[in-house]
Amino acid sequence: MTLHSRDAGQAAGRARGRMVERLRGQGITDERVLAAMMQVPRHKFVDEGLAYSAYDDTALPIGYQQTISQPLVVARMIEILRAGRELGRTLEVGAGCGYQAAVLSFLATEVYAVERIRPLLDVARENLRPLRLPNVRLKCADGSLGLPEAAPFDTIIVAAAAPNVPSSLKTQLASGGRLMMPLGAADQRLVMVERQGNVFKESRHEAVRFVPLLTGTE
Ligand code: SAH
């Protein structure tokens, strides 16, 4: 490693530390979520030209008209899903560049991350490879159908907004499992669904802004 790249790595580590402190200031209290976000080099998940903004509290473009989610939203969704339990077998719908899948890998037993845009999934694969996370599996698929071959899931996290929760996702939730996704179009809100047997309980959380959940693959 050259001196230059070591300096860059240290600068990124400091920026990541500031991001985690900012998340604390924004009310994130789950230490395991904060520790996971300290582990993942977010600057490696965006174009080199955007690396300087990688630790800002903002969504950034990742190509194909998609974005890497804002750190606060990633932290909040996972914190709410985790409250009082383990994430267990986890399905992520909308892997994008793979950032959230990497964060989840430190908190879940297995992460199944699906993305409908194949070239974006290839980018995610490239981004994740050097991190050698043994419990992340990526697949190009329409996640609105879930991932029947790996169901049931203890946790389902959807990174794209829809008018309502797709029924396949509810079906693939284990009893005692939790799902979180943004619902709505112009006005979106995070909604959590908790399953107990065949009872599904919904709770509403903060306002957010996500790209739409689309169908099919491309
Ligand atoms: N989780 C990402 C956020 C990616 S943005 C992160 O860590 O930053 C949301 C992603 O959802 C986009 O890449 C989009 O292509 C994908 N998406 C939208 N509808 C989908 C569907 N039905 N199945 C799978 N992925 C979908």
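Each ligand, and each atom within it, is numbered from 1 in the order the structure gives. Model, not experiment: these values are computed from the prediction.
When non-hydrogen atoms are compared, ligand 1 lies under 4.0 Å from the backbone of Asp142 as well as from its side chain. With a 4.0 Å heavy-atom cut-off, ligand 1 is reached by the side chain of Leu120 but not by its N, CA, C or O. Both the backbone and the side chain of Glu115 come within contact range of ligand 1, each with a heavy atom under 4.0 Å.
Look at Pro212 and you'll find a heavy atom under 4.0 Å from some atom of ligand 1. At least one heavy atom of Ala141 sits closer than 4.0 Å to an atom of ligand 1.
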Item checked: Leu138 vs Tyr112, side-chain contact (heavy atoms from CB on, under 4.5 Å): CA-CA, chis, key distance, verdict -> CA-CA 6 Å; Leu138 298 174; Tyr112 295 85; over 6 Å; no
Check: Yes or no on side-chain contact (heavy atoms from CB on, under 4.5 Å) for Phe45 and Leu128, after CA distance, side-chain angles and deciding distance?
Finding: CA-CA 9 Å; Phe45 289 82; Leu128 290 166; 3.9 Å; yes
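Atom 12 (C) of ligand 1 has Gln66 OE1, 3.3 Å as its closest protein atom, hydrogens excluded (heavy atom only). Of all protein heavy atoms, the one closest to atom 7 (O) of ligand 1 is Gln100 N, 2.8 Å. Here the heavy atom of the protein found nearest to atom 23 (N) of ligand 1 is Gly143 N, 2.7 Å. The shortest contact between atom 4 (C) of ligand 1 and any protein heavy atom is with Thr67 O, 3.3 Å. Atom 9 (C) of ligand 1 has its closest protein heavy atom at Ala159 O, 3.2 Å. Ser69 N, 3.8 Å is the protein heavy atom nearest to atom 6 (C) of ligand 1. Protein heavy atom closest to atom 11 (O) of ligand 1, with residue, atom name and distance, is Gly94 CA, 3.1 Å.
For the pair Thr215 and ligand 1, the shortest N or O to N or O distance does not fall below 3.5 Å. Geometrically, ligand 1 and Leu214 share a nitrogen or oxygen pair separated by less than 3.5 Å.
Among His43, Arg42, Arg22, the single residue meeting the side-chain hydrogen bond (donor to acceptor under 3.5 Å, both in side chains) criterion with Tyr55 is His43. Of the residues Arg85, Arg24, Arg82, the one that meets the salt bridge (Lys or Arg N to Asp or Glu O under 4.0 Å) test with Asp30 is Arg82.
In this structure, the separation between CG on Leu169 and CG on Leu91 is 7.0 Å, given to the nearest 0.5 Å.
Side-chain N/O atoms of Asp56 and Gln70 include no donor and acceptor closer than 3.5 Å.
Under 4.0 Å is where a charged nitrogen must lie from a carboxylate oxygen, and between Glu206 and Arg76 at least one such pair does.
Evaluated by nearest non-hydrogen atom to atom 17 (N) of ligand 1, the leading choice among Arg116, Met77, Gln70, Lys139 is Arg116.
The side-chain heavy atoms of Pro166 and Met181, taken from C-beta on, include a pair separated by under 4.5 Å.
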